[in-house]
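Have a look at the structure below, then the notes.
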Amino acid sequence: MSKSSRYEWRDQQASLQERVKGFLLNPGTEQLDAVVAEMRAYADAARSGHIEIPQSWTSYG
């Protein structure tokens, strides 16, 4: 996985995590729709090859 691919994946992952945090802090239909849309965008990007998901990674957060 190239460095730029890893950064792109990390950015997608961070965006998805922020949406989920927003939903957990303020659950509602609008926030849920945003989480689902973000998850679909993430899945579509992975499926189309736009982002590469690493086989393994280490999380320090």
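- Looking at residues two or more places apart in sequence or on another chain, you find a side chain to side chain donor-acceptor pair (under 3.5 Å) between Arg47 and Asp44.
- Applying the salt bridge (charged side-chain N to carboxylate O under 4.0 Å, His left out) criterion to Glu30, with sequence neighbours excluded, gives no partner residue.
- Partners of Ala46 by side chain to side chain contact (heavy atoms under 4.5 Å, CB included), not counting sequence neighbours, listed by chain and number: Ile51, Ile53.
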Enumerate donor-acceptor pairs with a distance under 3.5 Å from any side-chain N or O in residues 32-41 to protein atoms, sequence neighbours excluded.
{"unit_1": "Glu38", "atom_1": "OE1", "unit_2": "Arg19", "atom_2": "NE", "d": "3.4"}
{"unit_1": "Glu38", "atom_1": "OE2", "unit_2": "Ser15", "atom_2": "OG", "d": "2.8"}

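- Scored by the side chain to side chain donor-acceptor pair (under 3.5 Å) test, Gln31 finds no partners at all (sequence neighbours excluded).
- Rounding to the nearest 0.5 Å places CG of Leu24 at 10.0 Å from NZ of Lys21.
- When all heavy atoms of Gln13 and Tyr42 are compared, the pair lying nearest together is OE1-OH, 3.1 Å.
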